[in-house]
Structures are given as structure tokens and as C-alpha cells.
Amino acid sequence: MTALILKNVCKSFGQVEVLKNIDLEVEEGEFVVFVGPSGCGKSTLLRVIAGLEDATSGTIEIDGKVVNQTPPAKRGIAMVFQSYALYPHLTVKDNMTLALKQEKQPKNEIEERVRNASQMLALTDYLDRRPSELSGGQRQRVAIGRAIVREPKLFLFDEPLSNLDAALRMNTRIEIANLHRSLDASMIYVTHDQTEAMTLASKIVVLRDGMVEQVGSPMELYNNPANQFVAGFLGSPSMNFIPAATVGGSPEHTLGVRPEYLRINGAGRLDAKVSHVEKLGGDTNVLVDVAGANTMTVRLFGQHPVETGEQIALDFDDKDTFLFDAGGRRV
Amino acid sequence: MNKARRNPFNVFASHAVLLTYTLIALFPVFVILINSFKTRKAIFREPLALPSSDSFSLIGYQTVMKQGDFFLYFQNSMIVTVASLFFVLLFGAMAAFALAEYRFKGNTLMGLYLALGIMIPIRIGTVAILDLMVSTGLVNTLWALILVYTAQGLPLAVFILSEFMRQVSDDLKNAGRIDGLSEYTIFFRLVLPLVRPAMATVAVFNMIPIWNDLWFPLILAPAEETKTLTLGSQVFIGQFVTDWNAVLSALSMAILPVMILYVIFSRQLIRGITSGAVK
Ligand SMILES: Nc1ncnc2c1ncn2[C@@H]1O[C@H](COP(=O)(O)OP(=O)(O)O)[C@@H](O)[C@H]1O
Ligand SMILES: [Mg+2]
């Protein structure tokens, strides 16, 4: 069965249309990531799915039932918030069990679920603490634990990693991926970070200004972006765009080429001056000013003796490029 | 800013200013207290002298205890103040929550309407209020006072509390909704504990004017059995003779409960004023 179906969902706050005609399906067990720049409506869409906001129009179907009129607690979902949103006056255990007590679950069932969840998240030693006595990473795990114990049909995550530091973010990302594998549940995950989207998703939904730009697996979107926005948003460092005319193309078109497909080559098609070099050890990112175009990034593997101020020439294969028309659509 | 605060001269200056202010503020209280333990003659001879073995006297307290039912007045004042505070806080917080949390038609207008009461003194409506109380038969009951003080306190309470409630994290309330808490549970169990400092602020700001008020007790509930402490103390102030011993003793005793309530609320109050934010 399909875990979630959105049909023509719109949401306005007063005159402002935040979501425009969203159509979407999430299959059972799928890990779907909504990605897009800040303010594009990702959180609003998640809140509409959760029932915290009413859709202005359109239908929301969870597990085969239309839930437009169903309150959030009865939708079979659980949500993890960016700010953790733990109840400050309750212990970790009470935070996790509150919803189950509201559902009037039997005591031994509650105990069982808390035991499983706290083992899975390494929280067993902290069950009697208050949220203020935990570190950021532990709070995040409690928030996830609070979602797990409810055994929902659909997990909703709203930027759960953005308050963590870089090292912890990577670990927690892997934990969430493992969690998805072991629970085999449907998950929707919101982020503005393309790395999280690429690494976690089985399906990515790219949003811009309240509209779905493209839906597909990470590699589909990477290899075959539908438009300039998706092409520029996914991949890091992001794709280079130059007027196609600089390399002899149509003046209407923009040519896109990913940093990893650019080569520094004595007889290249583009003359460039190195403006900055980032040496990462494993990679070298070279930022260059190209005559008649903007700054471009070249990603070289390994270590290279490129210095700022050097004159170089860039080259690339035509099969590695993407062409976009004036409206940003793929040609 | 931090540097300026650490500078010893600035520390000294700010403490001097604060100490001076404290002395000025406490001086009348101090004078009332020492004079309440002196004989009438001593009060007038040397009002600023401490009670000595010569001038020490409890005559004022004895008069207060004998004349009128001081404990009843005290109890009335207590009931009126505590009940009014309770209703101001309860209804104020509920209205503030609705204004801060829910989007409905006329939300802003309602907020402005409720805030209007801050600018218009309730005493302007005294005649109408008295009329109302007479027709509802509430004259000379404590309810008359409680209702009026609740109405008087609500505008500022709603104004202050809704500002604080807007700062309570939406995620927290939403987490509650997803966990199946009712709106009432979210209000009482999640939001109220987080705005406690603001509640204490509102309580203290309302408590003192209610406790000290003479106007409404005199007009709405002057009967012997509903007299408040402030009104009760007035019997010692005559047109021609005033029993200063009794007046000062009554006032000294009237300070006590306010001080106790203040101590209860003050830690929260200071947090409310200095932080001004809910995390
Ligand atoms: N309650 C609201 N009232 C009015 N506008 C809102 C409200 N919530 C969100 N918005 C607007 O909707 C847009 C999308 O917000 P949001 O979904 O939070 O974006 P994202 O999560 O993608 O960063 C923003 O422009 C925001 O200003
Ligand atoms: Mg967001």
C-alpha cells in the first residue's frame, strides 16, 4: 500500500501562497527527502501532512485513508522537530511515554517499547534525566526515541540535524539511515542540505517556492536534472553555469558542467585565472575567473600544485554537459 | 558594556544610586514601623526616634485588636486579593494564549480591544459599576470587589502574557498536539510552566493596588462584614481626631501579607523582568 498520497495540495497564509498544487506519493518503506532552499515551504508541507496546518485545498491520504479532517494524534504519524521540542519538565522516559499514555496503551506494552527504543538509541542510562541535563546529540536521540515508541506508519523529520555540530551530524545521519533499515518504516525527511538529501534518500523531492521541481532517486536527479535549479542545487561543489556562447553554443542557452568534469589542460577551450585554491588533501577545489563568464569551480582529485594567480586553461567533454534554455529548462 | 560594569568606579556609583533609592523607598515604611511601637506623645515629640524603654507602647496594637473586627477585615482583604489574582491570572493567561496561538478573524482587533483597558482607568465607570452591582444584588459582597478587580487587572495581564506566550516554541506545542494532548493540556501543562516568570510579574503588579485600594471597598462593600483592611483602618482617621497609634499599627500589620506574597513571587518576578524571554 502507498504510505502517503498528496493530491493537488495547496496552502495559503492569507494572500501568500506557500504551497502550490503539490502532488506526491510515498511508497511503503520509502525514505523520501524534501529538499530546497530555506523558505521554500518544506516545513509547511510537513506540517500539512502532520495535520498541524490545514491544507487550503487538496487531499492528504495516509495509509489509504483521507485524513484531512483527522487530528494529528490520530494520523498514525510521529514527528521529530528541528528544535527537539522535548517537554522540559518531564524526564526522558516520560517524554517518550506521554503519547502512549494518552493512547491508553497497557503498562507492560509501554515498558517494552521504551526498553527497545532506548536500547536502539543508547539512551538506557539517561531515562531518568531531564532534557536540560542532556547534550545536543542525546536530546536529538530522545526526540527520535519519542517518535519510535509510537510505532507510526509514517515518520516525519524536520531538519533534525541542523542544530548539531558537523561531526555529530555525520554520525546521526548514519544512525538515521540504520534506523530506517531496521524499522523498515516510511519516512519523510526535510532538509535544506543537499548532502543529507543525497546520502539518505531513496527518493528526493526538490522544492522551490512551494512547487515541486523534480522527483526521483538521488542519482537520477544528479545525472539527469530537469532544470537549471535542480542541477545547481544538488552536488557539491555545485554545478558551474556559463553562457553557452563562450564555447560556441547558442546565445540563448546556458551550459552547465559539474566541477568534477572540468580538467586543467594546456590546450583547453576556456582561459581562466586562478582566484583561490582549497586544498583538502583528498581533493583540491580550484576557483577560477573565466573570461566572459562568472567564477567557476574545478574539482581535482588528489593533490595538485596549483597556485592563486596562475593562468590556466580548462577543458571538458561535451557528453558531461547540460544545456538549459533562457527559462532554465533542460534542452 | 561589560567593561563599564566591571570598572570599580561604576560599580560603586551604581550601588550608591541603588542604595540611596532603597533608603528613600524604605524610609516611610521604617517610620511607620517604629512609630507604631511608641506612645502617642513620643510619636509627636520625636517622630524619627527609635522606641526606647520610656516611649515603648503597644497601645496602638491593642486598640486595633479591640476596635472593629480586625481579623475579619484582614481575612476579607486576603480573600479579595487572592481570588482576584487567581481570576486575573487564569482568564488573562487563557485569553493571552488564544490571542497568541490561534489565527481567527478579528484576532488583532480583539487584542487591541482588550488592551484598551490599560489606558482607561476603571474608576471612570464607578457609577455604572455601582448601578450594575445594585441591580445584581452584589453590593456589600466580596464578589463585587473580586469581579471589579478582575476586570481591572485583565487588560495588562492579557497584554503582557500574550507577548510572552508568542515566544513559547511552536514546535513544543506541536509536539504536544502530535502526542495527543488536548489544547487545555497543552495550555496548562506545557505553556503555563514556561511563562511562570511573566505570571509572577503580572501577579505582583496587580496585588499591591488591589490590597491598598480604598475606593471600591468604600463604594461597593462598606458593610461591616465585608470591610477590607484598608477600609477598616479608616475608622481610626477622624475628621477632628486621628488615633495615630492605631493607624500606624494597622498599617504595619497590613504590610506583612503583601511582603509574604511578594517574597513568594519575587524570584520569578526578577527573572521575568530581567530575561524578558522564554527559552
Ligand atoms: N504561520 C505562518 N503565517 C504566515 N506565513 C508563514 C507561516 N508559516 C510559514 N510561512 C511562510 O511560508 C514560507 C515557507 O515557510 P517554511 O515552510 O517554514 O519554509 P522552509 O521550512 O522550507 O524553510 C515562508 O516564506 C514563511 O514566511
Ligand atoms: Mg523549515
Side-chain angles (χ1 to χ4, degrees), chain A residues 12-14 43-44 46-54 56 70-90 94-105 130-132 139 142-147 149-150 152 154-160 162-163, chain B residues 89 93 96-112 161-162 164-200 264-265 267-268 271-272 274-279:
Chain A
S12 314
F13 292 111
S43 299
T44 307
L46 208 62
R47 287 206 301 271
V48 167
I49 295 171
L52 298 168
E53 301 274 2
D54 290 325
T56 310
T70 315
K74 303 243 161 72
R75 289 193 178 194
I77 51 134
M79 190 156 168
V80 177
F81 295 89
Q82 177 177 0
S83 59
Y84 317 134
L86 301 176
Y87 308 120
H89 56 297
L90 298 182
D94 289 337
N95 262 285
M96 299 213 285
T97 53
L98 185 67
L100 301 179
K101 285 178 188 154
Q102 291 290 321
E103 287 172 8
K104 307 241 178 324
Q105 295 276 1
R130 297 278 166 90
S132 56
R139 286 180 209 184
V142 176
I144 294 173
R146 184 169 66 178
V149 292
R150 305 196 52 194
L154 185 61
F155 281 89
L156 307 174
F157 293 90
D158 193 355
E159 310 214 9
S162 53
N163 283 346
Chain B
L89 290 179
F97 184 69
L99 288 177
E101 181 63 13
Y102 303 122
R103 286 190 295 271
F104 54 89
K105 261 212 184 87
N107 182 320
T108 324
L109 219 64
M110 188 62 115
L112 281 178
L161 290 176
S162 62
F164 272 79
M165 291 203 182
R166 264 183 257 279
Q167 294 169 26
V168 175
S169 126
D170 281 333
D171 284 356
L172 189 68
K173 291 174 272 190
N174 284 338
R177 290 192 181 109
I178 287 181
D179 277 350
L181 304 183
S182 71
E183 294 297 313
Y184 283 99
T185 321
I186 289 174
F187 172 69
F188 284 112
R189 299 270 315 272
L190 297 185
V191 176
L192 276 196
L194 288 177
V195 297
R196 249 197 338 238
M199 304 271 283
I264 294 174
F265 289 132
R267 262 192 52 201
Q268 305 277 350
R271 252 203 282 163
T274 51
S275 79
V278 191
K279 281 280 150 60

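Please read all numbers here as calculations on a predicted model, not as lab measurements.
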- [ ] Give the ring-plane orientation class for B:F97 versus B:Y102, where under 30° counts as parallel, over 60° as perpendicular and anything between as tilted.
- [x] perpendicular

Task: Part of A:F13 lying under 4.5 Å from any heavy atom of chain B - done: side chain

Open item on the list: Just verifying a value: how many Å separate A:Y87 OH and B:I186 CD1, rounded to the nearest 0.5 Å?
Closed with: 7.5 Å

Task: Side chain / backbone / both / neither for A:L86 at chain B, heavy atoms under 4.5 Å - done: backbone

TODO: Among the options A:A50, A:A73, A:G51, A:A143, pick out the one with the most heavy-atom pairs lying under 4.5 Å from chain B.
DONE: A:A73

Open item on the list: Need one label for B:R189: side chain, backbone, both or neither, based on atoms under 4.5 Å from any heavy atom in chain A.
Closed with: both

Task: Charged N-O contact under 4.0 Å between A:D94 and A:K101 - done: yes

- [ ] Check whether A:R146 gets within reach of chain B through its side chain, its backbone, both or neither, counting any heavy atom under 4.5 Å.
- [x] side chain

Open item on the list: One pair to check against side-chain contact (heavy atoms from CB on, under 4.5 Å): A:E53 and B:R103. What are the steps and the verdict?
Closed with: CA-CA 11 Å; A:E53 301 274 2; B:R103 286 190 295 271; 2.8 Å; yes

Open item on the list: Restricting to non-hydrogen atoms, name the atom on A:P160 and the atom on A:V80 that form the minimum distance, rounded to 0.1 Å.
Closed with: CB-CG1, 4.2 Å

